[in-house]
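The figures here come from the full heavy-atom set of this structure, side chains too, leaving out hydrogens, waters and symmetry mates. Residue numbers begin at 1 in each chain, while the letters A, B, ... track the order of the sequences.
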Amino acid sequence: MMVVRPIQANDYKALRELARKTGPGFTSLQDNDEQVAAKLEAALIPFTATPPPEEALYLFVMEDTDTHEVVGICGIESAVGLTDPWYNYRVGTLVHASRELKVYNQISTLTITNDHTGYSELCTLFLTPEARHSKQGSLLSKSRFMFMAEFPQRFNEHLIAEMRGYSDDKGVSPFWEGLGRHFFSLDFAEADKISSMGKVFIAELMPKNTIYTNLLSKEAQGSIGKTHEATTPARRLLENEGMRYTGYVDIFDGGPTLEARVNDIRAIQESRYVKVHITDTPAKGEAEGELYLISTTELCQFRCCMSMLTRAGNNLINITPDVASALNIIEGTTVRIVRLSSGRRF
Amino acid sequence: MMVVRPIQANDYKALRELARKTGPGFTSLQDNDEQVAAKLEAALIPFTATPPPEEALYLFVMEDTDTHEVVGICGIESAVGLTDPWYNYRVGTLVHASRELKVYNQISTLTITNDHTGYSELCTLFLTPEARHSKQGSLLSKSRFMFMAEFPQRFNEHLIAEMRGYSDDKGVSPFWEGLGRHFFSLDFAEADKISSMGKVFIAELMPKNTIYTNLLSKEAQGSIGKTHEATTPARRLLENEGMRYTGYVDIFDGGPTLEARVNDIRAIQESRYVKVHITDTPAKGEAEGELYLISTTELCQFRCCMSMLTRAGNNLINITPDVASALNIIEGTTVRIVRLSSGRRF
Amino acid sequence: MLLIRPLTFADLQGLERLAVISGGRMTTLPANRDHLNELINRTRQSLRKEVTQYSDESYHFALEDQTNGEIVGVCGVDASVGMNTPFYSYRVDDVVHASNELQIHNRIPALHLCQDYTGSARLCTLFLDKAHRTTANLNLLSRCRMLFIAQYPERFANKLIAELQGVADSENRSPFWECLGRHFFNMDFNKANYLTGINSKGFIADLMPHYPVYVPLLSAEAQAALGQPRPDMAEVKTLLEAEGFSYRRYVDIFDAGPTLEARTRDIHTVAQNRLTEVKIGNTDATEQPVDVLISNLGRENFRCLITSLDPQHPVITSEVAEALLLSSGDKVRIIRL
Amino acid sequence: MLLIRPLTFADLQGLERLAVISGGRMTTLPANRDHLNELINRTRQSLRKEVTQYSDESYHFALEDQTNGEIVGVCGVDASVGMNTPFYSYRVDDVVHASNELQIHNRIPALHLCQDYTGSARLCTLFLDKAHRTTANLNLLSRCRMLFIAQYPERFANKLIAELQGVADSENRSPFWECLGRHFFNMDFNKANYLTGINSKGFIADLMPHYPVYVPLLSAEAQAALGQPRPDMAEVKTLLEAEGFSYRRYVDIFDAGPTLEARTRDIHTVAQNRLTEVKIGNTDATEQPVDVLISNLGRENFRCLITSLDPQHPVITSEVAEALLLSSGDKVRIIRL
């Protein structure tokens, strides 16, 4: 059984191994001993410091309780942009119209902003390819919502997630080619490397004034807010939870930022508390067949797993000993549950 | 029983009477014979034209079925800004930071935009003071969601509603005093009159460049996105349905615009079809005591009222002959229902 | 002999002919009878008016072929622009984008829509029929205005600008317009230009970009056209530069042609012309005649032409005197061609 | 006798004294030993260097009281600014807000952060000890630089600017800074000014407003300070205007003091000084002595002072000759005070 839990000091080996698997594109977890060690050390702080730091990266791993192998990682930044500015282009509309001439023009614009300053951010999602089945990706990603539902005071009321932007067969971003490149004396590969070091460098060189997108190449215009193919499933998952593209894109590759109020996210809004009854032979109930996220309610002992549930009574659910063991809970413990996926289909 | 229905040619007298009652502040329905007649004439078009016009104002009235008196009016603009530009200030954030100097500054900005061009808009809500009880305001306002749920192709996927901005005891808007006034050679009363003629005039004279709000008076800063006291209940009603202030304010008085995707609005999302069983003595059922909106499904015959419901079977509800008569439907008719208010309280 | 004189209402047909053959590329000379009539009307009113403080007066002059009375050229000068309706230019400003850490220091030119020339006087509507296109005639047509200004300095702002038409391709399309203006106007160049000529220019504010336009985002053709005059304007440009005009990185908002500017009183012909008396008679042997521009001091009767005389001892023929409406002993302004 | 000469490393202490009494309001003269040392160092290097194309050289001169060897003034001139680090100004531009229907036509001034003076030479760091503050000494201190420029024109850009300190209240607070800069810097004026002096100015880009600031939104005091020099700068302003400098609506980004500009070669002292030989000896009766600025033609040995002589037959005393490092028959530059 898979369980998501906060990262721990003794996860170094596992984290190092994950860093090796992620590949060079995954800039938040790089294949480098020192960086991994530093990352791990920093990740332990928010779970222990009192009061919690304003800017903290909460890191979680997904562990197979049978083999004790770590197969995935996910994170939440409690607040972005409080040290280095957090940049986006915002896609806006300007209407240029003249009644006199009967001309009416809608013009799309890009304006550099720091509007998401202070927002919480979903980040650092990686699941080993072998573990990408049985909705385990959903568990890994959505377990973060269960954590946020439990500890809302640790997060901003707004949540964002950045989606990787579109690039062509050769890995080149038409958005960059059409816009950023004109302001840099660098080629794409070099700019890409700099971008991974932080958006601040890019923002320093990007135009500060509003850009009229109709002056960009058709390809660049077409890639504004367009998601990289590989990221499309992740986008769909978050959209089903209520996160929305609201017109903010990455200044480097034009990829969309999804956004929601934390309290409007389905998994957070619909989740509720129940007590558990541990039994090997649950009675057949109405919820049979539907997967639920189940999570515990204490900070350091936070655990989240996924299981089918049956109703044992009013605000009482049946769970198997397996689940109880994965969550490290006993009979009568209060847990948070929510259906893994939205019930709405039409 | 109160029923909301499309406005009709023979509503002239009623509309004229409402216009008299609204008072001078209500610019969309002015106390003037010609204007009322023109308004009525225009309002009939979208219900009859094929295909429907792209820019249409759908107007509905609330009628007391006992007295046949019209006691309220509400409207939906199918799309704004397609003839004259639709202006807003967008509240943005810029971070000015220097690591070297250890300075970090979040600066709030106002930028003029036409971002809501093409969006649908809730507008023209008025209920006579005598009828403001028994949740009849909710029925009037939310009946529009039932109409939009039924005819989504007539509307944009985004919906906005403008809230009147804050003004002080003397009716003066600090936002105007702090910003707009510097760019006009007019006093507030005159500007107010011009504003009611359309935002285009105001926009022509307002600064086109981004404004740093920290340069405005404290009072002006404080009134950005602040709702007029009288409008606060209307705002709460729409927020409970999922409409949100997303940082767009009126260029004249700084009042907030609420915004949502149509499909994310609770009443629209949760509404569903059932068939009706008409009975005088409904069986006691689980939904007893809870108010529902009930609406019919044909354009010109659209009707919406509010009633408690009981379950008569699978996707079958009991309604009283009263309700059936108000909706002008017979046994077995399919209707759309939704709970009047969100069930969520915590 | 070609003679400069103010426009009169009898010139309407002649003006129309010039407007048509100029091909509609001159904003101030649209092929529109009402507008041309207005041009004449404003000239007449401006000349008649006693001016203590200049405002929106506009003076247009005809170049008349005295052999047949035909108008073969037209030129104009506005007392000041932008006082009633906004006068727009693009100012090309560099913006520095620098990063210390990356050791990058880029200067990015950007176009800023501005009204910086509001209140300047303007040379306008210079058009000379092909059949008479010589350097001398071009000088006469252009510089006669500066002699007029020299005589009536109180009628003109103390900065003077001249807009040179920008680059166009073989089909008379402006690459700058195709890349930029078209996106904002949804019409072709000639239509926009025509509308600017006949309208109040107010619509430009409604349609033009308010934010700076970064030059590197424009097409290569549009970038190349920035601040470049149409090749056949080279001679006019040379003439104006010799008069002391210079390009200060302001360009036309439609075709990106350069705007040249000068301090009115420092302009060569304004500052260096000689105010002197003339005699009428025959050239005598001691004279050293050179080609000069010569004008009378008239306002409604302003006249200017090219003749040959000794600037130190100016003697003109009775034919020239008649054309210039001069009697012996009258004062004139003279400057070498 | 007061003598102008380039700074040397021996001047460090004297400079520090001046920096302290100048009260920290001069950006280019911060009371910071490292920076002052660097000022001297750059002057020495700039003077030593053979320059074919000027770049970031900076020349600073001391005004030495020859009676006691004390430094009582300092002045400087930069070959060009903004070449390595951005040089910012606010340009005050009007924006027209007009509505035909409402019959309203407003001209709204706005401040545009710009780098328009990038590449200009700059007069800087003018400070004269109170005890010696006379018009003559101010002339010497300021105009000696123009004699230096006249001798070495290839070392300076062809536009020259001078920034005049802006208005401050009785507590030395700039109303402009309090209204605008403070919001963006979160520090007081003196700190920001000090940091600009010692830092690379790169941080300004990080902190300053990028969008135009509409003047009507500023406090009345800040609006009043716009483009106004501090009252005690009036004499410097008069001096510079007499030299041909003019205000073109560019102001300092911190205190809104005006920036004056001139074409380098047109500056009165640069253009009108007389290059001539001097004799050493005693004044004879036929001379008509007047007060003049006189400089040698030296670079590392540049010297300048005020003396009295007949510009047509310049004879100087041996004392002056010694101070100016001159022998009889050497050439000098002379201009009337």
Side-chain angles (χ1 to χ4, degrees), chain A residues 55 80-88 90-99 102 104-109 111-119 157-158 198-200 203-204 208-210 239 242-248 259-261 263-264 266 268-273 342-344 346, chain B residues 55 80-88 90-99 102 104-109 111-119 157-158 198-200 203-204 208-210 239 242-248 259-261 263-264 266 268-273 342-344 346:
Chain A
E55 266 188 296
V80 299
L82 298 187
T83 306
D84 285 332
W86 181 264
Y87 290 99
N88 282 114
R90 210 182 61 75
V91 182
T93 301
L94 284 178
V95 172
H96 287 202
S98 167
R99 276 177 174 250
K102 296 201 182 66
Y104 178 93
N105 250 334
Q106 274 190 42
I107 295 164
S108 169
T109 57
T111 306
I112 212 158
T113 75
N114 310 115
D115 287 356
H116 290 158
T117 303
Y119 285 22
E157 60 172 320
H158 295 277
K199 289 289 152 49
V200 175
E204 278 180 345
K208 300 292 184 295
N209 280 297
T210 293
E239 284 181 337
M243 296 193 75
R244 294 284 177 265
Y245 169 55
T246 57
Y248 290 86
E259 187 187 346
R261 282 176 191 249
N263 285 334
D264 287 347
R266 181 208 61 96
I268 292 173
Q269 188 183 110
E270 292 186 358
S271 72
R272 57 196 174 94
Y273 287 128
S342 160
R344 188 153 63 100
F346 298 100
Chain B
E55 265 188 296
V80 299
L82 298 186
T83 306
D84 285 332
W86 180 263
Y87 291 99
N88 282 115
R90 210 183 61 75
V91 183
T93 301
L94 284 177
V95 172
H96 287 203
S98 167
R99 278 179 172 246
K102 296 200 182 68
Y104 178 94
N105 250 333
Q106 273 189 44
I107 295 165
S108 169
T109 57
T111 305
I112 212 158
T113 76
N114 311 115
D115 287 357
H116 291 158
T117 302
Y119 285 21
E157 59 172 320
H158 295 276
K199 290 289 152 49
V200 174
E204 276 180 346
K208 300 293 183 297
N209 281 299
T210 293
E239 283 181 338
M243 296 193 76
R244 294 283 176 266
Y245 168 54
T246 57
Y248 290 86
E259 187 187 346
R261 283 176 190 246
N263 286 334
D264 287 347
R266 182 209 61 97
I268 293 173
Q269 189 182 112
E270 291 185 359
S271 72
R272 58 197 173 93
Y273 286 130
S342 160
R344 187 152 64 99
F346 296 98

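- With sequence neighbours excluded, the residues that form a side-chain contact (heavy atoms from CB on, under 4.5 Å) with B:Thr246 are B:Arg244, B:Tyr248, B:Glu259.
- Applying the salt bridge (charged side-chain N to carboxylate O under 4.0 Å, His left out) rule to A:Glu239 yields the partners A:Arg235; only residues at least two apart in sequence or on another chain are considered.
- Residue A:Leu82 touches chain B through both its backbone and its side chain, counting heavy-atom pairs closer than 4.5 Å.
- Residue contact with chain A, scored on non-hydrogen atoms closer than 4.5 Å, is absent for B:Arg272.
- The side chain to side chain contact (heavy atoms under 4.5 Å, CB included) with B:Pro85 is formed by just one residue from the set B:Val80, B:Ile112, B:Asn114; it is B:Asn114.
- Contact annotation for A:Arg261: only side-chain heavy atoms (C-beta onward) come within less than 4.5 Å of a heavy atom of chain B.
- The greatest number of non-hydrogen atom pairs below 4.5 Å with chain B, out of A:Thr210, A:Thr93, A:Asn209, is found for A:Thr93.
- Here the shortest heavy-atom pairing between B:Val91 and B:Ser108 reads CG1-OG, 3.8 Å.
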